[in-house]
Peer 1: 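Quick one: the structure is below, and I'll ask about it shortly.
Every value quoted in this text rests on a predicted model; they were computed, and no experiment measured them. Atoms within each ligand, like the ligands themselves, are counted from 1 in listed order. Keep in mind that the numbers below use all heavy atoms, side chains included, and drop hydrogens, waters and symmetry copies.
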Amino acid sequence: MFSIIAAIGKNRELGKDNHLIFKIKDDMKFFRDATIKHKVVMGRKTWESLPGKLKDRENIVISKNTFDGPDSIIHDMQQFIEDNKNTDEEIFIIGGATIYQAFLPYSKNLYLTEVASTCNEATVFFPDFKPKDYTKTLIKKGSDNGLDFSIFKYTKI
Ligand SMILES: NC(=O)c1ccc[n+]([C@@H]2O[C@H](COP(=O)([O-])OP(=O)(O)OC[C@H]3O[C@@H](n4cnc5c(N)ncnc54)[C@H](OP(=O)(O)O)[C@@H]3O)[C@@H](O)[C@H]2O)c1
């Protein structure tokens, strides 16, 4: 089973020039707690935006290229989706925009940190999903670094 996890702005902003836009401690903690000991799947650009491998998680990178660092590199994304979409194991899809777009139709859960803020310089956006296709549960609400946020779990109906 795939679970998407992302932090998005009011206009579904995700990132700017290969960096995150919103830095919220509680969101970072939520991300770590949710993904720890799980497989995390990301695009090559997201991998390059990280300071290094995410500890205590199996780092899987999707790329047409080959390089050192991740635990594995997936060249054939569609085959990976076919092989894993029906497993009981929760596999976390951690971005970026191209990977969220590709995995959205196959993802059971979306963990979205919705930040009540916008960024005009955003260069990548979360796909336009249909909330009515999901049940929505509030996990946490808060404010940090001058940013109001709510963390929701959407589960496909
Ligand atoms: N707000 C959040 O929660 C969040 C989370 C994650 C990332 N982000 C942000 O998102 C941005 C990066 O997103 P992005 O969309 O630009 O890049 P990305 O999705 O992270 O990576 C794109 C790369 O993934 C590989 N790829 C994608 N589709 C593929 C396919 N079908 N087959 C093989 N390889 C494939 C390609 O790598 P190759 O070119 O090597 O082939 C492609 O260049 C950054 O700004 C980052 O900070 C935000």
Peer 1: Could you name the protein residues that come within less than 4.0 Å of ligand 1, counting only heavy atoms, and order them by chain and residue number?
Peer 2: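 Within the 4.0 Å shell of ligand 1, which is judged on heavy atoms, sit A6, A7, L14, G15, K16, N18, H19, L20, G43, R44, K45, T46, I62, S63, K64, N65, H75, M77, I94, G95, G96, A97, T98, I99, Y100, V124.
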Peer 1: Just by modelled atom types, is the K23 backbone N or O under 3.5 Å from a matching donor or acceptor in the N145 side chain?
Peer 2: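 Yes, N145 side chain to K23 backbone: donor-acceptor pair under 3.5 Å.
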Peer 1: Spell out, as yes or no, whether a donor-acceptor pair under 3.5 Å connects the side chain of Y100 to the backbone of I5.
Peer 2: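 A pair under 3.5 Å: yes.
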Peer 1: Checking N59 side chain against K53 main chain: does a donor-acceptor pair fall under 3.5 Å?
Peer 2: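 The answer is no, because no donor-acceptor pair under 3.5 Å joins these two groups.
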Peer 1: In terms of side-chain heavy atoms, does E114 have a donor or acceptor partner in S150 at a distance below 3.5 Å?
Peer 2: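 Result is no, nothing qualifies.
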Peer 1: Without swapping roles, check the side chain of T35 against the backbone of F31 for a donor-acceptor pair under 3.5 Å.
Peer 2: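 Side chain of T35 to backbone of F31: a pair is present.
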Peer 1: Checking K141 now: which residues fulfil salt bridge (charged side-chain N to carboxylate O under 4.0 Å, His left out) with it, not counting sequence neighbours?
Peer 2: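 Once residues adjacent in sequence are excluded, K141 has no partner under the salt bridge (charged side-chain N to carboxylate O under 4.0 Å, His left out) criterion.
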